[in-house]
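Down below is the structure, laid out as structure tokens.
Both ligands and their constituent atoms are indexed starting at 1 by order of listing.
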Amino acid sequence: MDKSLVRPNIAALTPYSCARNEYSGGKVNALLDANENPYNSPLNRYPDPLQRQLKARIASIKGVGAENIFLGNGSDEAIDLCYRVFCRPGIDNVVAIEPTYGMYKVCADINDVEYRPVLLDDHYQIKAEQLLERCDANTKLIWICSPNNPTGNCIDHREILRVVERFKGIVVVDEAYSDFTSKPVMRTEVPRRDNLIVLNTMSKAWGCAAIRLGMAFAEQPIIELFNKVKYPYNVNLLTQEKATEMLDDPYEVVKWVKTILLERERTMEAFSELPQCVKVYPTDANFFLALMRDAQHTYDYLVERGIIVRNRTRVALCHNCLRITIGSKSENAALLAALRQEV
Ligand SMILES: *Cc1c(COP(=O)(O)O)cnc(C)c1O
């Protein structure tokens with residue numbers, strides 16, 4: 001990573017030093033350094049600020065080094081940290097595919113960083129050149145989400161690689177849905193690319209949206225910057241313990257993904273036959289985008305029946321589209337039954 005990409009105040013920052021970080025090694029008889037209550041174990045103790053045990057598990061499952069992992073309060077924390085580490089408010093800008101996940105723009109706005117969306121083509125794809133053309137000397141980040149939300153498809157892997165190879169700034173590839181596809185992922189590129197950040201989450205395939213655990217994979221200099229800027233105890237003990245327990249049984253997740261993919265095929269096929277549906281778009285995720293005759297009307301109709309889908313009709317290139325998550329068998333059946341009943 002080119003050091004000049006880092007905001008000068010962050011490069012110069014002396015981070016908060018946790019009480020327990022200053023102590024190293026030796027036998028402990030009494031922990032009297034952190035003003036904790038001696039009662040109510042284990043909740044009385046501050047959690048490991050660097051989540052070492054959990055990172056060791058994630059490293060072996062994801063095939064990356066533990067030193068190449070940052071853990072945050074959801075991927076949203078990692079998204080925000082990208083801005084806070086690299087982008088000077090009011091000066092720098094970022095480039096992103098459009099349409100995509102809304103948090104990249106929200107975090108840009110919060111951090112007062114110019115956001116430059118670049119429209120995907122008719123197949124929801126993009127050429128590296130189109131993204132690079134929108135960059136200038138103050139472009140610090142390029143955002144690529146693959147499989148993309150809300151379109152569902154993977155962005156062409158060769159084009160992503162081209163962006164990483166040619167862009168002088170940082171490329172962030174959000175692979176929140178990569179567990180649902182067998183297409184190549186950028187996570188495996190992390191040890192070779194010093195300007196790449198890959199995001200994963202436990203909120204989707206791992207079925208743990210409630211515990212808030214997001215991951216960023218990158219070379220060590222970037223991870224160290226994230227660790228410097230994050231809140232000291234950003235991942236709480238309950239989350240660290242629950243995540244560790246979940247990671248003990250990765251085969252459960254494999255089974256869920258298999259079931260969801262079978263349901264996806266069945267649901268999409270039936271959905272595409274509905275009179276309200278014009279077409280469904282191909283997907284690599286646990287949801288699909290459907291072009292409707294009247295998305296707003298179908299959305300309202302489903303809401304009345306207590307079935308909530310995502311209305312994307314006001315999103316660029318998604319006019320009259322609904323985004324539909326694959327649910328349980330009975331939820332998917334309820335969706336289809338409700339729509340078949342509509343006269
Ligand atoms: C759902 C989703 C996430 C997950 O965010 P968390 O904060 O980890 O729950 C990240 N990126 C995209 C594109 C998503 O759709």
Side-chain angles (χ1 to χ4, degrees), residues 51 54-55 58 61-62 69-84 94-108 110 115 117-118 120 124 126 141-155 160 171-181 183 185-187 196-218 226 230-231 234-236 238-240 242-243 246-247 253 256-257 260 264 281 283-289 308-312 315-318 321-327:
Q51 311 99 19
L54 178 52
K55 278 179 186 168
I58 292 174
I61 286 179
K62 297 282 185 177
I69 302 174
F70 164 83
L71 298 179
N73 188 339
S75 315
D76 293 343
E77 182 180 359
I79 293 168
D80 189 51
L81 279 174
C82 291
Y83 287 102
R84 295 208 285 149
V94 305
V95 166
I97 61 169
E98 174 83 356
T100 193
Y101 185 46
M103 279 305 287
Y104 316 142
K105 167 123 192 349
V106 171
C107 284
I110 290 170
Y115 186 82
V118 182
L120 298 174
Y124 294 140
I126 198 146
L141 311 173
I142 294 180
W143 292 97
I144 300 173
C145 182
S146 179
N148 189 29
N149 178 2
T151 61
N153 61 299
C154 282
I155 304 297
I160 300 178
V171 183
V172 192
V173 183
D174 187 342
E175 296 185 333
Y177 299 98
S178 61
D179 296 291
F180 298 103
T181 177
K183 291 185 181 159
V185 293
M186 289 298 290
R187 187 180 74 238
L196 173 65
I197 299 173
V198 174
L199 304 181
N200 274 195
T201 178
M202 288 197 71
S203 298
K204 306 292 156 66
W206 284 85
C208 282
I211 73 171
R212 311 305 304 131
L213 190 75
M215 304 156 220
F217 306 116
F226 278 17
K230 77 181 182 73
Y231 289 160
N234 61 326
V235 180
N236 72 69
L238 301 179
T239 295
Q240 291 190 44
K242 192 69 201 176
M246 289 299 305
L247 292 162
V253 176
W256 287 336
V257 168
I260 289 166
R264 184 181 78 186
Y281 290 94
T283 181
D284 297 298
N286 65 331
F287 61 85
F288 66 94
L289 194 67
I308 317 302
V309 299
R310 193 89 154 118
N311 186 0
R312 299 283 74 186
V315 169
L317 305 183
C318 296
C321 286
L322 298 178
R323 192 195 72 191
I324 294 160
T325 306
I326 303 302

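The protein heavy atom nearest to atom 5 (O) of ligand 1 is S75 OG, 3.6 Å.
Atoms of ligand 1 lying under 4.0 Å from any heavy atom of R212, numbered from 1 in the order shown and given with element: 6 (P), 7 (O), 9 (O). Those atoms of ligand 1 with a heavy atom of S203 less than 4.0 angstrom away are 6 (P), 8 (O), 9 (O). Taking a cut-off of under 4.0 Å to the non-hydrogen atoms of N149, the atoms of ligand 1 that pass are 15 (O).
Between W143 and Y104, the ring-plane angle classifies as parallel under the 30° and 60° cut-offs. Below 30°, between 30° and 60°, or above 60°: for F180 and Y177 the angle between ring planes is between 30° and 60°, a tilted geometry.
Around atom 15 (O) of ligand 1, the closest heavy atom drawn from Y101, Y177, Y104 belongs to Y177. Distances from atom 4 (C) of ligand 1 to the heavy atoms of E77, K204, M202 put K204 nearest. For atom 8 (O) of ligand 1, the candidate residues are N148, N200, D174, T201; the nearest heavy-atom contact is made by T201.
The ring pair (Phe, Tyr, Trp, His ring centres under 6.0 Å) test applied to Y115 returns no partner, not counting sequence neighbours.
Using modelled atom types and a 3.5 Å distance limit, the side chains of R323 and N149 yield a donor-acceptor pair.
Remark: the backbone N or O of Y124 is not paired with any side-chain donor or acceptor of N148 at under 3.5 angstrom. Side-chain N or O atoms of R312 include none that pairs as donor or acceptor with a backbone N or O of P150 at under 3.5 Å.
With a 4.0 Å heavy-atom cut-off, ligand 1 is reached by the side chain of C145 but not by its N, CA, C or O.
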